[in-house]
Amino acid sequence: MKKVAVAIDGPAAAGKSTVAKIVAERKGYTYIDTGAMYRAFTWYCLKKGVDCQDEKACCALIPEVQIELKPNHIVICNGEDVSSAIRQTNVSGNVSYIASYKDIRLALVVLQRKMAEHDSVIMDGRDIGTYVLPNADVKIFQIASVQTRAIRRYEENISKGIACTYEEIEEDVKKRDYIDSHRSFAPLKPAEDSIEIDTSNMSIEEVVTAIIEIIDKKLAEKN
Ligand code: DC
């Protein structure tokens, strides 16, 4: 079977990872969560006591940071399982700074492209269709209103036992939207050949079905 690459980009908390995981399972693709890699780097900066707004100091850590994405959504940073730690609010509040540093992006993009070399993948992030995998077979740009996204992220945090308030989450979503879409290198924006899906009023199953239909149609057109 031909190797397939599906890119899902969009703003924070638009439900990309939830649907990408399900689509990956149903289609037999490998799911790659690129946001988790920026989060792991952020976790490491915080662990080292480095100010995440200090670009030089954060980039100086590049040679010593090793990030691995394992099956079952396990994220390892320098040998430590950080899968839960990278979802905490201190990481969420700082990750957009880390993701705006060009040298860190370049280092992580090398890893991301390598992971897509041999397997069929569904990769989610902000710049997958525009920069990481510009030749992806299918490009989805998944959006939802700020309020919908903040409610979803708030409920997800509460269910995981992560302490937060709705207001805090809404502020964080807005702040990340701004930083992610205004950075100079590989900002959040739809690829010209992407298909937009607004999930504000859609269930998870509806989004999954829509994406699988798009993938099947695109692949049929190519064959
Ligand atoms: O999808 P997420 O919330 O886990 O992403 C965490 C942060 O990483 C988010 O603020 C944007 C950034 N990011 C990015 O800049 N490029 C990617 N490919 C993935 C995530």
Side-chain angles (χ1 to χ4, degrees), residues 5-21 31-46 52-53 55 58-59 65 67 69 73-75 77 82-116 121-134 136 139-144 146 148-150 152-157 160 162 164 168-191 194 199:
V6 178
I8 303 194
D9 291 302
K16 301 181 298 294
S17 65
T18 305
V19 298
K21 278 177 202 166
Y31 166 59
I32 300 171
D33 176 2
T34 61
M37 301 169 82
Y38 292 97
R39 286 172 176 273
F41 202 110
T42 305
W43 171 86
Y44 189 73
C45 294
L46 293 170
C52 291
Q53 294 191 51
E55 178 169 2
C58 293
C59 291
V65 178
I67 297 166
L69 300 187
H73 321 299
I74 304 289
V75 184
C77 183
V82 296
S83 319
S84 303
I86 61 169
R87 306 291 162 195
Q88 301 293 326
T89 46
N90 59 342
V91 171
S92 299
N94 282 291
V95 63
S96 279
Y97 301 120
I98 297 300
S100 71
Y101 303 148
K102 184 176 178 184
D103 289 347
I104 293 176
R105 298 196 73 82
L106 290 176
L108 295 184
V109 166
V110 169
L111 291 179
Q112 292 158 11
R113 288 187 178 148
K114 212 171 247 171
M115 285 189 262
V121 296
I122 180 161
M123 192 180 281
D124 89 38
R126 305 295 188 282
D127 59 339
I128 310 307
T130 53
Y131 183 73
V132 182
L133 303 175
K139 298 180 186 179
I140 306 286
F141 198 72
Q142 190 167 322
I143 60 167
V146 169
T148 305
R149 291 185 284 130
R152 286 182 190 159
R153 186 53 55 93
Y154 172 74
E155 288 174 350
E156 186 187 327
N157 281 1
K160 287 182 182 162
I162 299 172
C164 62
E168 210 169 79
I169 298 292
E170 191 184 292
E171 263 324 292
D172 177 57
V173 164
K174 283 186 193 160
K175 182 180 111 182
R176 287 208 281 150
D177 281 359
Y178 185 85
I179 302 177
D180 293 345
S181 52
H182 285 81
R183 66 177 175 237
S184 55
F185 184 67
L188 166 67
K189 64 171 182 194
S194 66
T199 70

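In listed order, ligands and their atoms are each counted from 1.
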Taking salt bridge (charged side-chain N to carboxylate O under 4.0 Å, His left out) as the test, write out the residues that go with E171, two or more places apart.
-> none

So with a 6.0 Å cut-off around NZ of K189, is the heavy-atom count from everything else above 12?
-> no

Sequence neighbours left out, what passes side chain to side chain donor-acceptor pair (under 3.5 Å) with Y101? Give chain and number order.
-> none

Could you pull out every protein residue that has a heavy atom closer than 4.0 Å to ligand 1, ordered by chain and then number?
-> T34, G35, Y38, R39, R87, V95, S96, A99, R105, G125, R126, D127, I128, R176, D180, R183

Which residues pass the salt bridge (charged side-chain N to carboxylate O under 4.0 Å, His left out) test with R153, sequence neighbours left out?
-> E156

Measure from NZ or CZ of R126 to the centre of the six-membered ring of F185, then state whether that distance is under 6.0 Å and the direction lies within 45° of the axis.
-> no

Looking just at side-chain N and O atoms, do R39 and S92 make a donor-acceptor pair shorter than 3.5 Å?
-> yes

